[in-house]
Peer 1: 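Got a structure for you, written out below as structure tokens; questions coming shortly.
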Amino acid sequence: MTVRLRPEIAAVPPYQQGRPAPEGGFKLSSNENPFPPLPAVVEAVQREALRVNRYPRPGAPDLKAALATELGVDAGRILIGDGSATLLQQLIHAVAGPGDEVVYAWRSFDAYPLFVRTGGATAIEVPVDAEHAHDLDAMAAAITDRTRAVIVCSPNNPTGTIVDAAALDAFIARVPAEVLIMLDEAYIEFVQESAIDGIALQREHANVVVLRTFSKAHGLAGLRVGYAVGDPQVLRGADLCGVPLSQTALASAAALAALAHRDETYARIEVLIAQRDALWERLVDAGVPVPRPFGNFVWVPSQPGQEEAIHDILTANHIVAKVFADGVRISVGEPEADDHIVAAAVAIQALQ
């Protein structure tokens, strides 16, 4: 006899992490920052490594204080976690259980259904519009008396589109005050225009929580550190759903160093933004219908059933990317990968 798992757990497909690249290829499947860690980050981690025999300080107070200054918010409105995805899972589990619903756009971050279903709640997936962006009107219409949370991802992973500020204001006005709104801003640092002011929104609306990470723009993916900003009571509920002392001192030290050297960090971000925009223009000029990207990746639409052929195309072009049933997400990585990306995208478009 085998151990009996909860039915909702047994039915959930596992999250598919981006595969590593073969020798001589380019790993463009996980939206990682291609730059090596800042020297100050490496030094901070090395110093903290001398104390790994001790538990970290609960709640990462030094990082919380630095973020409070950076964002202009009270430290009590910040919760540090093992990446923004973990915090999002904690928030979902804090508000939604069996019989409850969580609304989000689809396609969006493919860990959302995992987080919702492992908590026993029901995922309500609202299709993105023809421009691969959130259909906020349809999402608002999908809210029922069973809805406990909604997720808005901007820039949206994997399609790269953003939500209009005025449209988001109108959407928030239609969401009941007791329903949690999670604004997933994992890629917000790559947005140079038309950015939502999530920090202002969480001040104005007690049911809005903003989630951000150091994994992407700050290049700390291997250390897993993120944060949530919102109402202290909501964050306390999320904190109770997490593992005590799970935020490592190494991660906190690295994040503090990245903040202290923000000029170097943002100079690298500017380079990636310029590369992304140039790559997008090349793809559009080549006839590939790529929506304008606002993260550090591009979205190449495809059709269901083409996954195997797309994998072959990517392999032939020495690229590993994230392949979905309806498209391919390709990270902006080393500049020398761009020619391979364009060639692969043109070949994928030829399949349509």
Side-chain angles (χ1 to χ4, degrees), residues 18 28-35 84-85 88 104-112 126-136 139 151-169 171 181-201 208 210-219 221 226 229 265-285 288-301 321-322 324 326-333 335 337-338 341-342 345:
L28 306 176
S29 54
S30 299
N31 296 343
E32 295 158 329
N33 191 318
F35 287 101
S84 57
L88 196 143
Y104 53 85
W106 198 251
R107 183 169 300 274
S108 195
F109 184 30
D110 51 338
Y112 293 161
V126 179
V128 294
D129 63 22
E131 279 70 50
H132 310 281
H134 282 51
D135 187 338
L136 292 177
M139 290 177 64
I151 308 171
V152 176
C153 187
S154 184
N156 185 43
N157 174 20
T159 66
T161 55
I162 56 173
V163 173
D164 177 75
L168 182 60
D169 286 340
F171 173 75
I181 301 172
M182 290 169 280
L183 182 56
D184 185 348
E185 293 190 330
Y187 300 92
I188 190 62
E189 291 87 357
F190 297 103
V191 182
Q192 288 188 313
E193 57 192 69
S194 304
I196 299 164
D197 190 346
I199 302 303
L201 287 173
V208 172
V210 176
L211 296 121
R212 294 181 178 177
T213 183
F214 285 88
S215 296
K216 307 303 182 182
H218 295 85
V229 187
T265 298
Y266 277 83
R268 292 178 168 190
I269 294 171
E270 291 290 336
V271 171
L272 290 173
I273 289 172
Q275 182 184 344
R276 174 202 67 194
D277 290 346
L279 175 61
W280 173 63
E281 290 176 0
R282 288 183 62 186
L283 291 169
V284 172
D285 289 345
V288 184
V290 176
R292 182 179 178 186
F294 289 90
N296 65 334
F297 52 89
V298 294
W299 175 250
V300 180
K322 193 75 176 282
F324 301 90
D326 51 352
V328 186
R329 189 195 69 194
I330 308 176
S331 307
V332 176
D338 288 358
I341 294 173
V342 174

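The first residue of the sequence shown is numbered 1, and numbering continues consecutively from there.
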Peer 1: Verify the distance criterion only: is there a donor paired with an acceptor across the side chains of Ser108 and Asn156 at less than 3.5 Å?
Peer 2: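 Yes, side-chain donor-acceptor contact under 3.5 Å.
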Peer 1: Taking all non-hydrogen atoms of both residues, which atom of Asp135 and which atom of Pro127 are closest, and how far apart?
Peer 2: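 Closest pair (atom of Asp135, atom of Pro127, distance): CB-O, 3.9 Å.
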Peer 1: About how many Å separate CG of Leu168 and CG of Leu201, when rounded to the nearest 0.5 Å?
Peer 2: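 So the CG of Leu201 and the CG of Leu168 are separated by 5.5 Å.
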Peer 1: Rounded to the nearest 0.5 Å, what separation is found between the CD1 atom of Ile269 and the CZ atom of Phe35?
Peer 2: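 If we round to the nearest 0.5 Å, Ile269:CD1 and Phe35:CZ are 10.0 Å apart.
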Peer 1: Hey, is the main chain of Val163 close enough, under 3.5 Å, to the side chain of Ser154 for a donor-acceptor pair?
Peer 2: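 Answer holds: yes.
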Peer 1: Taking the side chain as C-beta and beyond, is there a heavy-atom pair between Lys322 and Asp110 under 4.5 Å?
Peer 2: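 In short, these two side chains touch, coming nearer than 4.5 Å.
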Peer 1: Mind jotting down which residue pairs meet the side-chain hydrogen bond (donor to acceptor under 3.5 Å, both in side chains) criterion with at least one end in residues 290-299? Sequence neighbours excluded, please.
Peer 2: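 Every side-chain hydrogen bond (donor to acceptor under 3.5 Å, both in side chains) pair that includes a residue of residues 290-299, provided the two are not neighbours, is Glu193-Arg292.
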Peer 1: Where do Ile151 and Met139 come nearest, in terms of heavy atoms and distance?
Peer 2: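 Here Ile151 and Met139 meet closest at O-CE, 3.4 Å.
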Peer 1: Indicate the atoms forming the closest heavy-atom contact of Leu136 with Val152, along with that distance.
Peer 2: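 Heavy-atom minimum between the residues: CD2-CG2, 4.5 Å.
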Peer 1: Which heavy atom of Val332 sits nearest to which heavy atom of Pro34, and what is that distance?
Peer 2: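 That would be O-CD, 4.1 Å.
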Peer 1: Looking at every non-hydrogen atom in both residues, tell me the closest pair between Thr213 and Glu189 and how far apart they are.
Peer 2: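 For Thr213 versus Glu189, the nearest heavy atoms are O-OE2, 4.2 Å.
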Peer 1: Report the distance from atom OG1 of Thr161 to atom CD of Glu131, rounding to the nearest 0.5 Å.
Peer 2: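 Output value for this atom pair is 9.5 Å.
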Peer 1: Establish, from distance only, whether the side-chain atoms of Asn157 and Arg329 form a donor-acceptor pair under 3.5 Å.
Peer 2: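 Result is yes, a qualifying pair exists.
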Peer 1: How many angstroms lie between CG in Asp197 and CD in Glu185, if you round to the nearest 0.5 Å?
Peer 2: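 The CG atom of Asp197 sits 8.5 Å away from the CD atom of Glu185.
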Peer 1: If you define the side chain from C-beta out and look only at heavy atoms, does anything of Phe324 sit under 4.5 Å from Pro158?
Peer 2: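 Counting from C-beta outward, Phe324 and Pro158 do come under 4.5 Å.
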Peer 1: Keeping the roles fixed (side chain from Gln275, backbone from Gly333), state whether a donor-acceptor pair exists under 3.5 Å.
Peer 2: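 Looks like yes, one N/O pair under 3.5 Å.
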Peer 1: Looking at Arg107 and Val128, would you say the former's side chain and the latter's main chain have a donor-acceptor pair under 3.5 Å?
Peer 2: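 Not a single qualifying donor-acceptor pair exists.
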Peer 1: Could you walk me through whether Cys153 and Tyr112 pass the side chain to side chain contact (heavy atoms under 4.5 Å, CB included) check?
Peer 2: CA-CA 10 Å; Cys153 187; Tyr112 293 161; 3.4 Å; yes
Peer 1: Decide yes or no for Tyr187 and Phe297: does some side-chain heavy atom of the first lie under 4.5 Å from some side-chain heavy atom of the second?
Peer 2: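 Sidechains of Phe297 and Tyr187: in contact.
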Peer 1: For a 4.5 angstrom cut-off between non-hydrogen side-chain atoms, does Asn33 reach His218?
Peer 2: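 When only atoms from C-beta onward are counted, His218 and Asn33 do not touch, as no gap falls below 4.5 Å.
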Peer 1: To the nearest 0.5 Å, tell me how far Leu272 CG sits from Tyr266 OH.
Peer 2: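 Answer for the CG-OH pair, Leu272 versus Tyr266, is 12.5 Å.
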Peer 1: Is the closest side-chain heavy-atom distance between Lys216 and Phe190 below 4.5 Å?
Peer 2: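 They are in side-chain contact.
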Peer 1: After noting the C-alpha distance and the side-chain angles of Asp184 and Arg212, does the key distance pass the salt bridge (charged side-chain N to carboxylate O under 4.0 Å, His left out) rule?
Peer 2: CA-CA 7 Å; Asp184 185 348; Arg212 294 181 178 177; over 6 Å; no
Peer 1: Tell me if a side-chain donor or acceptor on Ser29 pairs with a main-chain N or O of Ala321 at a distance below 3.5 Å.
Peer 2: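 Looks like no, no N/O pair under 3.5 Å.
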Peer 1: So how far is it from Leu28 CG to Ile341 CD1, rounded to the nearest 0.5 Å?
Peer 2: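 It comes to 5.0 Å.
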Peer 1: Taking C-beta and beyond as the side chain, do Val210 and Ile188 meet within less than 4.5 Å on heavy atoms?
Peer 2: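 Result no, sub-4.5 Å side-chain heavy-atom pair not found.
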Peer 1: On a heavy-atom basis, which atom in Ala165 and which in Ile196 lie closest, and how many Å separate them?
Peer 2: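 Closest approach of Ala165 to Ile196: CA-CG1, 4.4 Å.
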Peer 1: Return yes if some donor-acceptor pair links the side-chain N/O of Trp280 with the main-chain N/O of Val290 below 3.5 Å, else return no.
Peer 2: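 Yes; judged by distance alone, with no hydrogens or angles, the pair exists.
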